[in-house]
Amino acid sequence: MGYLKWIEIEDSAPDWNLRQLKSCSANEGILFCAVVKSNAYGHGAREITSLLPSADWFAVNSLDEGLELRHYGITRPILLLGHVLMERLSEAVEADLRLTVYNIETLENLEKILQRAAICRIHVKIETGTGRQGILPENVPAFLRRAAGIPGIEIEGLSTHFANIEDTLNHEFAENQLGIFKEVLETVRTSGVSPAIIHTACTAATILFPETHFNMLRTGIGLYGLWPSRETFLSAQSNGIPVPELRPVLSWKTRIVQIKEFPAGSYIGYGCTYRTSRKTMLGVLPVGYADGYDRKCGNSAHVLVRGRRAPVLGRVCMNLVMVDLTDIPEASLEDTAVLLGKDGNEIITAEMMAEWVGTINYEIVTRISPFMPRVTVKRGSESVH
Ligand SMILES: *Cc1c(COP(=O)(O)O)cnc(C)c1O
């Protein structure tokens, strides 16, 4: 392969996961919007979008991410979830990117741009309790009147986002948000505006709340084969609904660049935070926190070498990490070390790593450096040693 460190993407897994998630919905003709923001949750936007033939739409956060997808030749609809600077709105219009809008200033600036007979499809975002982007329900009617009065603007979508599905087994807050959203939708429709696409469902809502599906799912983490949380998984199991079978998409690998023996009592790494208690065979790996390997993995994580666990010794450096190979005597120079993924009967999941460093699986994968090469592999043909 020729790489010191790389990400392997299982080619059939993203679309498999998409179809599993889509089958959570009984709504006929439901659209699937694949959320591929933040470099497809660290998996690689180019690779992942090319492996999702069943995605009807894509969603990203920023204008630049949307332009990048167009640059790859993607012609399917692309929704921008985040803010676009007023001075760059015309770029979004020219690239036919759908805008999520919630500021009146965005409409005013679009009005100026659209005098040149272009059209812009907008998705109006409703604040229902997440306390971030969105228009407060009482301001929606005036906002829509303003939007509807601008030639060239098409109010294509209405959306909201849930605050508290993943983190709890109690879904009262989400139900309340859904109630507010439905009321807004009702007012919007009676005022004569009928957005074609209504979307609210992230992965957890897709799996747990059919009522949130409307006519498009807007789903991220599940596409990558990861569950939004343990609570989501437990809720799905106890709800008596079919539990989607999600297949993790990504493995993260590197190669051993030095092996050497230290006597008992030797210090390893910056700050001398680890001292060997026995004769120790040390392996040096060329990956560090600059690559997205969390510094909190120091003295707490392990990697897999030849199907066995090798604990991380000492602190994680910017570009290096040291591991204990004493119990894996057959380990050799330039052997593969698995940071995330399977090796033989062992596995390191994003959830395990999240627990080691005190975060969530979303952050573990999203922070993997975009500079890491992404290699697409067939199922069952992952590289070894
Ligand atoms: C990230 C995001 C999603 C996807 O959420 P998942 O939990 O990854 O499925 C959906 N909608 C919005 C607005 C988001 O920001």
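Values below: every heavy atom of this structure, side chains too, minus hydrogens, waters and symmetry copies. Start at 1 and go down the list; that is how both ligands and their atoms are numbered. For this chain, numbers begin at 1 and follow the sequence in order. Quick caveat, the model's predicted, so the values are computed rather than measured.
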Counting only heavy atoms, which portion of C202 has something under 4.0 Å from ligand 1: side chain, backbone, both, or neither? both
Give the numbers and elements of all ligand 1 atoms closer than 4.0 Å to a heavy atom of Y362. 6 (P), 7 (O), 8 (O)
re atom 11 (N) of ligand 1, the protein heavy-atom contact at minimum distance is R218 NE, 2.8 Å
Looking at R367 and D294, is any side-chain nitrogen of the basic one under 4.0 Å from a carboxylate oxygen of the acidic one? yes
Quick check, are the ring centers of F214 and F181 under 6.0 angstrom apart? yes
With a 4.0 Å cut-off on N to O distance, would you call R98 and E156 a salt bridge? yes
Minimum-distance protein heavy atom relative to atom 3 (C) of ligand 1: K37 NZ, 3.7 Å
Applying a heavy-atom cut-off of 4.0 Å, say which part of R132 lies close to ligand 1: side chain, backbone, both or neither. side chain
Going by the side chain to side chain contact (heavy atoms under 4.5 Å, CB included) test, name the single residue among T106, L80, L79 that passes it with T100. L79
Distance under 4.0 Å to a non-hydrogen atom of I221: what atoms of ligand 1 satisfy this? 6 (P), 8 (O), 9 (O)
Are any of the side-chain nitrogens in R88 or E91 under 4.0 Å away from the carboxylate oxygens of its partner? yes
Using a strict 4.0 Å cut-off to heavy atoms of K125, name the atoms of ligand 1 that fall inside it. 13 (C)
For the side chain to side chain contact (heavy atoms under 4.5 Å, CB included) test, which of I364, T254, V312, L285 pairs with Y293? V312
Report the nearest protein non-hydrogen atom to atom 8 (O) of ligand 1: residue, atom name, distance rounded to 0.1 Å. Y41 OH, 2.5 Å
With a 4.0 Å cut-off, would you call D56 and R76 a salt bridge? no
May I ask you to say whether E330 pairs ionically with R308, meaning some side-chain N is under 4.0 Å from a carboxylate O? yes
Does Q133 reach ligand 1, in the sense of a heavy atom lying below 4.0 Å from it? no
For ligand 1, is there an N or O atom under 3.5 Å from any N or O atom of L81? no
Among all protein non-hydrogen atoms, which one is nearest to atom 9 (O) of ligand 1, and what is the separation to 0.1 Å? T203 OG1, 2.6 Å
